[in-house]
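Beneath this line is the structure, given in structure tokens, with notes to follow.
None of the values given here were measured: they were computed from a predicted structure. When a residue number appears, it is its place in the shown sequence, counting from 1. Counting convention: from 1, in listed order, for ligands and their atoms alike.
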Amino acid sequence: MNRRNSLSAIAAALALGALGLPQAAAAADVTLTYAFFAPAKTFPAVQMAHWAQQLNKRSSGKVEVKTFPGGTLLGAKDMYDGVTKGVADIGLGSPSYDPGRFPLTSGVALPVGFTSATQASKTLWALTKEFKPKEYEGFKVIAMFTTEPGFIQSKTAVRNAADLAGMKLRAAGTGVPVLKALGAAPIGMPMPEVPQSVSTGVINGTMTSREVLQDFKLAESLKFVTDYPTVVVAFAAVMDQKKWDKLPADVKKVIEELAEEMPGWTGNYHDNENVGAAMAWAQKDHKLQVVPLAADEKARWDAKLKSMEEDWVKEMTGKGLPAAAYMKRLHELAPQFAKK
Ligand code: 3IO
């Protein structure tokens with residue numbers, strides 16, 4: 001962060017002007033850096049760009065946000081520590097990549113029956129405000145959202161449990177136990193590593209939201225999507241709390257206003273533009289096939305995942321977390337955010 005008084009801002013503007021650089025670059029009096037681990041065209045990065053633009057506009061140019069997609073400033077695994085160390089002012093990471101560090105948040109990534117990213121995103125944000133999970137201590141959460149419930153996307157068709165048995169599939173950390181329960185051989189890894197891992201044969205597919213078929217060009221090698229929605233992946237953009245505390249009150253107000261909007265904005269973009277466009281492209285240009293799951297097979301898969309929520313509540317309660325209350329509230333909130 002870089003706050004200047006107006007005199008030094010003028011001096012900087014003059015200096016930049018003398019160098020022939022755009023004077024607008026020096027007009028802001030707060031500059032924030034914002035890091036994300038995946039490419040600019042992916043939906044979390046589209047969210048980041050929208051947020052940056054809106055903050056600049058609603059602060060009348062007072063705040064400038066410099067975005068760093070593609071892991072150029074921080075990668076998936078060092079995102080949150082990087083924010084604490086001050087490498088970036090804001091970092092967008094996935095708590096689902098590290099359920100041990102973000103245990104309460106991992107509750108939204110259980111098979112709880114969300115039907116869209118919009119619904120899960122709004123539920124996650126409401127839960128986070130109500131429960132103020134300790135796992136975000138030291139951070140100010142400025143935006144939260146999720147993927148749609150993920151689908152198995154694979155090189156060979158998965159029509160039943162036998163097709164899936166022992167298949168090397170990648171997921172976010174929270175998706176690993178889901179794939180395991182279904183009988184696959186899951187591997188947890190960040191999304192940006194997936195294309196290469198598919199091409200080298202380390203994995204035969206992934207379980208996540210379907211826009212990755214286009215946004216990571218995975219449809220070139222993954223030709224099948226099994227029509228069985230599973231679990232969402234959570235995202236949280238954070239600032240270091242101490243840095244947040246020092247922001248001007250009017251800037252904080254705009255950021256808090258945006259925090260209320262981002263779950264719905266991002267969910268809508270992902271559900272209603274991003275995924276549909278990617279599926280249409282993959283089906284048309286890459287002969288992607290959507291594999292149906294027979295009703296009796298679906299019932300068997302559901303049965304394999306049924307105890308996960310109860311097991312999670314037991315495990316988290318044992319760690320002293322308000323897991324039962326969190327899940328109870330999740331199931332009260334989710335229907336309120338369902339598509340009417
Ligand atoms: C994701 C992460 C970065 C960019 C695009 C993305 N689409 C879905 C995800 C979530 C993810 O990493 C996962 O494991 O499902």
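Contacts of Val212 with ligand 1, taken as heavy-atom pairs under 4.0 Å, involve the side chain alone. The side chain of Arg170, and not its backbone, has at least one atom closer than 4.0 Å to an atom of ligand 1 (non-hydrogen atoms only; side chain from C-beta on). Counting heavy atoms under 4.0 Å from ligand 1, residue Ala172 touches it through both backbone and side chain.
Close approach of ligand 1 to Ser209 (heavy-atom distance below 4.0 Å) involves ligand atoms 7 (N), 8 (C). Counting the atoms of ligand 1 from 1 in the order shown, those under 4.0 Å from a heavy atom of Ala38 are 3 (C), 4 (C). Near Phe43, meaning under 4.0 Å from any of its heavy atoms, are these atoms of ligand 1: 7 (N). Counting the atoms of ligand 1 from 1 in the order shown, those under 4.0 Å from a heavy atom of Phe235 are 1 (C), 2 (C), 9 (C), 10 (C).
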Glu297 and Trp301: CA distance, side-chain angles, deciding distance, side-chain hydrogen bond (donor to acceptor under 3.5 Å, both in side chains) verdict = CA-CA 6 Å; Glu297 186 66 10; Trp301 288 32; 2.7 Å; yes

message = Under the criterion side-chain hydrogen bond (donor to acceptor under 3.5 Å, both in side chains), I'd like the reasoning laid out for Thr105 against Glu135: C-alpha separation, chi angles, the key distance, then a yes or no.
response = CA-CA 9 Å; Thr105 304; Glu135 58 219 48; 2.6 Å; yes

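Under a 4.0 Å heavy-atom criterion, Gly150 is not in contact with ligand 1.
For ligand 1, the polar-atom distance check against Glu211 finds a nitrogen or oxygen pair separated by under 3.5 Å. By the 3.5 Å distance cut-off applied to N or O atoms, Thr208 is counted among the residues near ligand 1.
In this structure, Ser209 contributes its side chain and Glu148 its backbone to no donor-acceptor pair below 3.5 Å. Checked by atom type and distance alone, the side chain of Lys223 pairs as donor or acceptor with a backbone atom of His286 at under 3.5 Å.
Cluster partners of Val176 are absent, since no Ile, Leu, Val, Met, Phe, Trp or Tyr has side-chain heavy atoms less than 4.5 Å from it.
For the residue pair Gly107 and Leu330, the shortest heavy atom distance occurs at O-CD1, 4.0 Å.
A cation-pi arrangement is absent between Lys122 and Trp265 under the rule of less than 6.0 angstrom and at most 45 degrees off the ring axis.
Of all protein heavy atoms, the one closest to atom 5 (C) of ligand 1 is Phe216 CE1, 3.6 Å. When hydrogens are left out, the protein atom nearest atom 12 (O) of ligand 1 is Tyr97 OH, 2.3 Å; that is the closest non-hydrogen contact.
Taking the six-membered ring where tryptophan is involved, the planes of Tyr97 and Phe37 are tilted, since the angle between them lies from 30° to 60°.
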